[in-house]
Amino acid sequence: MHLTRFRLNTARPGARRLLSSPQSLHAAVMGSFPHLLPADGTPQGPRVLWRLDHNARAEVLLYIVSPDHPDLTHLVEQAGWPAAHTSDTPGWHTRPYAPFLDRLTQGDTFAFRLTANPVHHIRRKDGEPTKVTAHITPRHQMDWLLKPERQERAGFRINEKPQDQRLLPAGLTDQGRPHHGDRYTLAVRDERTLSFGKSRDTRPARHQVKVVTVTYDGHLTITDPQAMRRTLTEGIGRAKAYGCGLMTLATLPTG
């Protein structure tokens with residue numbers, strides 16, 4: 001497994017085109033693997049995952065987790081700094097991911113980032129099939145990741161804040177539903193709605209695909225190292241082809 005980071009040059013038209021089209025960016029990411037052939041269905045096991053981090057207007061980073069070593073030359077030429085491209089500094093950074101994954105143990109704590117597509121299934125009336133619908137409020141988006149069964153399946157537990165650091169008490173919403181205040185070290189931000197046609201056609205808007213994405217930042221504790229490795233290499237949730245599902249971990253600062 002490999003973890004790759006690439007900074008897009010947002011001043012270039014090619015980068016702006018990729019950032020405006022998740023389909024084009026997905027194709028560009030998949031084009032980084034010369035030995036990867038198109039396959040029907042969803043692959044089992046490790047797969048190519050990617051995520052965009054919009055840290056600032058001029059700092060947009062593309063992260064890729066992949067079983068094979070990527071070649072991002074085409075992305076450097078289209079959306080990077082090709083004049084600075086050399087054999088020693090190719091324009092992206094790739095490092096082996098397996099040593100880090102192998103060191104994960106139960107009880108380890110990390111900061112994490114995840115961009116995901118939090119959805120639920122609803123039925124508007126009796127007899128109607130269920131429909132996949134995006135969560136649109138921060139509380140429901142947060143609850144999606146906090147579901148105990150989702151955390152257990154993914155191999156982690158989101159950390160709770162000490163009592164003296166909680167600013168909002170738990171209680172009931174206006175609808176009488178329980179909420180957790182700011183009990184957890186978890187923030188939801190950067191909600192985006194991606195809208196596009198499945199095959200780049202010009203069909204009416206009602207045939208457009210819409211994907212709501214949000215980014216989660218927080219702290220977690222590993223409860224099942226094997227499940228955590230699976231989460232980091234296979235992703236969480238839906239819409240993985242459109243930049244969702246990739247979780248990354250970072251060491252928490254000491255002191």
(request) Kindly compute the distance separating CZ (Arg229) from CG (Leu104), expressed to the nearest 0.5 Å. (result) 5.5 Å

(message) For the backbone of Thr115 and the side chain of Arg51, can you confirm whether one donor and one acceptor N or O come within less than 3.5 Å of each other?
(response) no

(message) Any non-hydrogen side-chain atom of Leu52 less than 4.5 Å from a side-chain atom of Leu25?
(response) yes

(message) Tell me whether Thr4 contacts the main-chain N or O of Tyr63 through its side chain, where contact means a donor paired with an acceptor under 3.5 Å.
(response) no

(request) Rounded to the nearest 0.5 Å, what's the gap from OG1 on Thr94 to CD1 on Ile64? Could you check? (result) 7.5 Å

(request) Mind checking the OG1-CZ spacing from Thr231 to Arg153? Nearest 0.5 Å is all I need. (result) 9.0 Å

(request) Have a look at Thr137 and tell me which of His140, Gln141, Arg139 forms a side-chain hydrogen bond (donor to acceptor under 3.5 Å, both in side chains) with it. (result) His140

(request) Give, for atom CG of Leu61 and atom CG of Asp53, the distance between the pair rounded to the nearest 0.5 Å. (result) 6.0 Å

(message) Restricting to non-hydrogen atoms, name the atom on Val76 and the atom on Arg12 that form the minimum distance, rounded to 0.1 Å.
(response) O-NH1, 3.4 Å

(message) If you compare all heavy atoms of Ala28 against all heavy atoms of Leu18, which two are closest, and at what distance to 0.1 Å?
(response) CB-CD2, 4.2 Å

(message) Show the nearest heavy-atom pair for residues Leu145 and Gln151, with the distance to one decimal.
(response) O-CG, 3.4 Å

(message) Please verify the inter-ring angle class for Tyr216 with Trp144; under 30° counts as parallel, over 60° as perpendicular, anything in between as tilted.
(response) parallel

(request) Using the rule that two of Ile, Leu, Val, Met, Phe, Trp, Tyr join whenever any of their side-chain heavy atoms come within less than 4.5 Å, decide whether Met1 and Phe100 are in one cluster. (result) yes

(request) Quick one: pull up CZ in Phe112 and CE in Met228 and give me the separation to the nearest 0.5 Å. (result) 9.0 Å

(message) Checking side chain to side chain contact (heavy atoms under 4.5 Å, CB included) between Met247 and each of Val65, Leu114, Leu49, Thr233, which is the one that passes?
(response) Leu114

(request) Verify, without hydrogens or angle tests, whether Asp224 (side chain) and Glu152 (backbone) share a donor-acceptor contact under 3.5 angstrom. (result) no

(message) Can you give me the closest heavy-atom contact between Ala79 and Gly14, atom names plus distance?
(response) CB-C, 4.2 Å

(message) Ignoring hydrogens, what is the shortest heavy-atom contact between Pro118 and Ala116? Give both atom names and the distance.
(response) CD-O, 3.2 Å

(message) Test your reading of the model: is there a side-chain donor-acceptor pair from His219 to the backbone of Asn159, 3.5 Å cut-off?
(response) no

(message) Between Asn117 and Val212 (side chain of the first, backbone of the second, donor and acceptor by atom type, cut-off under 3.5 Å), is there such a pair?
(response) yes

(message) For Val211 versus Ala239, what's the shortest heavy-atom pair and its separation?
(response) CG1-CB, 3.9 Å

(message) Measuring only between side-chain heavy atoms, which start at C-beta, is Val29 closer than 4.5 Å to Leu62?
(response) yes

(request) Any pair with a residue in residues 64-83 that passes side chain to side chain donor-acceptor pair (under 3.5 Å), sequence neighbours left out, goes on the list, sorted by first then second residue, please. (result) Asp71-Thr73

(message) Tell me whether Glu59 at atom CD has more than 12 heavy atoms from other residues, nucleotides or ligands lying less than 6.0 Å away.
(response) yes

(request) Answer whether the closest heavy-atom distance between the side chains of Leu232 and Tyr97 falls below 4.5 Å. (result) yes

(request) Please answer whether the main-chain N or O of Pro70 pairs with a side-chain N or O of Ser32 as donor and acceptor at a distance below 3.5 Å. (result) no

(request) Working to the nearest 0.5 Å, report the span between CH2 of Trp92 and CG of Leu72. (result) 5.5 Å

(request) Say whether, by atom type as modelled, one donor and one acceptor occur between the side chain of Arg17 and the main chain of Ser24 under 3.5 angstrom. (result) no

